[in-house]
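Single-structure report; data block below.
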Amino acid sequence: GFFEDDYWYQAVTNQRMKGFAYWNIGEEKYFKNLENDAEYVCVLYGHDFYEENQEYFESMEHVYQNDAGFIGKVNKK
C-alpha cells in the first residue's frame, strides 16, 4: 500500500517494520528482507507496487482475502 497504510499498520499492530519501506530501500532489498524476515504480508490491490509485482504476490498462498487485498504467506527460497 501507500506509506500511509504502512504507518496505519504499524500503529494498529504496534510493530515497527524496519527494512520493509520499499520506497526507501528499493525493491530488491525489500523482497530479500521479506523472504528472510517475514512469514506473512498484507497486500493491498490497486497500488503500483502490487501491479508491478503481481506475479510474485499472487504466487503466495492467500490466508485471507477481501476486495481490498489479502494476507499472503511469504514464499521461502
Side-chain angles (χ1 to χ4, degrees):
F2 297 99
F3 70 90
E4 294 95 340
D5 300 317
D6 179 57
Y7 295 139
W8 178 86
Y9 174 83
Q10 289 184 45
V12 169
T13 64
N14 197 30
Q15 295 182 76
R16 302 301 176 254
M17 304 301 292
K18 286 189 172 191
F20 290 93
Y22 65 88
W23 56 87
N24 287 333
I25 64 171
E27 290 185 24
E28 184 177 334
K29 185 162 177 137
Y30 168 81
F31 286 115
K32 182 179 178 186
N33 290 349
L34 190 66
E35 291 173 359
N36 290 331
D37 300 326
E39 291 185 52
Y40 298 91
V41 64
C42 178
V43 178
L44 299 177
Y45 301 130
H47 189 275
D48 291 345
F49 190 68
Y50 166 75
E51 306 267 330
E52 293 165 3
N53 298 285
Q54 186 172 357
E55 186 175 332
Y56 174 83
F57 288 119
E58 289 300 326
S59 73
M60 297 176 169
E61 175 187 348
H62 293 199
V63 177
Y64 175 82
Q65 184 172 0
N66 65 20
D67 291 340
F70 66 91
I71 304 296
K73 185 169 181 158
V74 175
N75 299 323
K76 302 292 183 175
K77 288 186 177 183

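As the structure is a computational prediction, the values presented were derived from the model and not from experiment. Computation of the quantities below employed the complete heavy-atom set of this structure, encompassing side-chain atoms and omitting hydrogens, waters and symmetry-equivalent molecules.
- When side chains are defined from C-beta on, Phe57 does not count as touching His62, because their heavy atoms never get closer than 4.5 Å.
- The NZ atom of Lys76 lies 7.0 Å from the CG atom of Leu34; values are rounded to the nearest 0.5 Å.
- Residues Val74 and Ile71 are members of separate hydrophobic clusters, defined by side-chain heavy-atom contacts under 4.5 angstrom among Ile, Leu, Val, Met, Phe, Trp and Tyr.
- By the ring pair (Phe, Tyr, Trp, His ring centres under 6.0 Å) test, Tyr56 pairs with Phe31, sequence neighbours left out.
- Distance check: Gln54 CD to His47 NE2 gives 14.0 Å after rounding to the nearest 0.5 Å.
- By the salt bridge (charged side-chain N to carboxylate O under 4.0 Å, His left out) test, Glu35 is found to be paired with Lys77, residues two or more places apart in sequence or in another chain being considered.
- Residues Tyr64 and Tyr40 share a single hydrophobic cluster, defined by chaining ILVMFWY side chains whose heavy atoms lie under 4.5 Å apart.
- Within a 6.0 Å radius of CD in Glu51, other residues, nucleotides and ligands contribute more than 12 heavy atoms.
- Asn66 places a side-chain N or O within donor-acceptor distance of the main-chain N or O of Gly69, the cut-off being under 3.5 Å.
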